[in-house]
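Step one of this worksheet: look at the structure below.
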Protein chains: 2
Amino acid sequence: MHASPSSRDKICEVAEALFARRGYAGVGLREVADAAGLGKSSLFHHFRSKAQLYCEVLDRVLRRMRERLDPVIRAPLPAPERLERWIEGLVDGLAEHPTTSRLLLRALFEEEEFIQAPPPELARAEQTLAGMIGDVQKILEEGVTSGAFRPVSVPHTVQSLIGASVYHFASAEIGEGVLGGPLFGAEAVSRQRTELTSLFRHGLIARPDPVDDL
Amino acid sequence: MHASPSSRDKICEVAEALFARRGYAGVGLREVADAAGLGKSSLFHHFRSKAQLYCEVLDRVLRRMRERLDPVIRAPLPAPERLERWIEGLVDGLAEHPTTSRLLLRALFEEEEFIQAPPPELARAEQTLAGMIGDVQKILEEGVTSGAFRPVSVPHTVQSLIGASVYHFASAEIGEGVLGGPLFGAEAVSRQRTELTSLFRHGLIARPDPVDDL
DNA sequence: GTCTATAGTGAGATAGAC
DNA sequence: GTCTATCTCACTATAGAC
């Protein structure tokens, strides 16, 4: 929280907003430079290429999220409670910066742009993401083996959890049409927190009286 | 199912694959033309612009999905059963063409490219999507008012359902890393069908013995 | 209906002055 | 560390022959 961030940080900030809005291919370095108050060529003194800039922005976003979720992982709580805290942290983290969900969802697709010559920064971002996924996977596995959760497929459940939460905040006009109001308003965020936690609580908790025969 | 599709259909087919893989801004018409076995200029005899081609491809994909889900909507079944059929149809439809989920997820972002001069085809695609969302919304509302489902927020639940299903099949390498195998294999698709339906069945069904005090 | 040729624009990246 | 100028390349779209 410096009063005057370095040019490098400023570039990352504006690039995060632009990449989130229009994607890797849709953003020109000219636009980034203008938004950062610099000439286009000056960017190349801070980043070797557009690809490196993008990967560094992605890694920043992932680390920001992982820092937020880290204390939850270390909390000595039973799996169901820890999962709820993790979901709440994820929702709050996604709600805090509207750029995050869009950048992360887009990252699914745009990593293919770098298969030819992946910048070293991409590997860091992938490791950060893999760590977060591994963390929530452990929570679910613990819950299943302890008998607190139904014997669900942990990988598929992880996918559903990520998809439901990230998609929601990335859904833009479509999501606002479904909700009938803003996605990032305080009330909508709070509701998303409770809806998602209760959906997965009811959906996962083991029951003495299953309805699988429905 | 013609033996020799028209040039127009051929262009749409290859464009669907390319747009799904690299997005609107990431695909050049040169690439589309080459893949269709045509010269680049020939595309402009079939489509007025790149934007029109994209919107027509998007509408085709949405209509393909809606046709598949239409019989489920009209089925005279209680809400919980109809929701399960709807989810199974959605999963099967997404699994059938690996391009679909990616194209639809990307459409979230890329509609912003057309706010300046939206092609008329875009409105058709948006209507098709709005219809499908309205359909599943009605199922959920029916289930909540009949007391079969908990008193969840229908809009948030719709968002979670769409997010979980579409994200899963669009998640590419990340999803395959989580699953430890291919996303579109017969076994993985079948498992996704049962995991998603049972997650929402357990997550939504009203219970005489709630655990909301957890 | 498809082609070649090209207009016109903007992209990422580099060189070198200051 | 920022700038101007420039290189090279790819893009969308058009014109007009066949």
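So you know, we letter chains A, B, ... as the sequences are listed, proteins then strands, and number each from 1.
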Residue [X], side-chain atoms from C-beta onward, closest of [options]:
| X | options | answer |
| --- | --- | --- |
| B:His45 | C:dA13, D:dA13, C:dT2 | C:dT2 |
| B:Leu38 | D:dT12, C:dC3, D:dG1 | C:dC3 |
| B:Ser42 | D:dA13, C:dC3, D:dC11 | C:dC3 |
| A:Phe44 | D:dT14, C:dT14, C:dT2 | C:dT14 |
| A:Leu29 | D:dT2, C:dA13, D:dG16 | C:dA13 |

Problem - Atom pair CD (A:Glu121) and CZ (A:Phe47), whose distance is rounded to the nearest 0.5 Å - result: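 It is 9.0 Å, given to the nearest 0.5 Å.
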Practice task
Working to the nearest 0.5 Å, report the span between CG of B:Leu199 and CG of A:Leu204.
Solution key: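 Taking CG in B:Leu199 and CG in A:Leu204, the distance rounds to 6.0 Å.
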When the distance from [atom1] of [X] to [atom2] of [N] is rounded to whole Å, what number comes out?
| X | N | atom1 | atom2 | answer |
| --- | --- | --- | --- | --- |
| A:Lys40 | C:dA15 | NZ | C1' | 14 Å |
| A:Phe114 | C:dG12 | CZ | C1' | 13 Å |
| A:Leu53 | C:dA11 | CG | P | 15 Å |
| B:Phe47 | D:dA13 | CZ | P | 13 Å |
| A:Leu43 | D:dT2 | CG | P | 9 Å |
| A:Asp34 | C:dA11 | CG | P | 10 Å |
| A:Arg8 | D:dG1 | CZ | C1' | 14 Å |
| A:Ile11 | D:dG1 | CD1 | P | 11 Å |

Handout entry: Short side-chain N/O contact to C:dT2 OP1/OP2 from B:His46, under 4.0 Å
Key =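 Result: yes.
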Practice task
Would you state whether a donor and an acceptor, one from the side chain of B:Ser41 and one from the base of C:dT4, lie under 3.5 Å apart?
Solution key: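 By the distance-only test, yes, there is a pair.
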Practice task
Start with the C-alpha distance between A:Leu29 and A:Leu53, add both sets of side-chain angles, then the distance that settles side-chain contact (heavy atoms from CB on, under 4.5 Å), and finish with yes or no.
Solution key: CA-CA 10 Å; A:Leu29 292 184; A:Leu53 169 60; 4.3 Å; yes
Practice task
Report yes or no: does B:Glu56 contribute a side-chain atom to a donor-acceptor pair with the main-chain N or O of B:Cys12 at less than 3.5 Å?
Solution key: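 Side chain of B:Glu56 to backbone of B:Cys12, a donor-acceptor pair under 3.5 Å: no, none is there.
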Exercise for the section: Using a cut-off of 6.0 Å, state whether more than 12 heavy atoms not belonging to A:Arg30 lie near its atom CZ. Expected result: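 Check fails, neighbour count at 12 or below.
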Exercise for the section: Using a heavy-atom cut-off of under 4.0 Å over every strand shown, decide if A:Val32 touches base, sugar-phosphate, or nothing. Expected result: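 Touches nothing.
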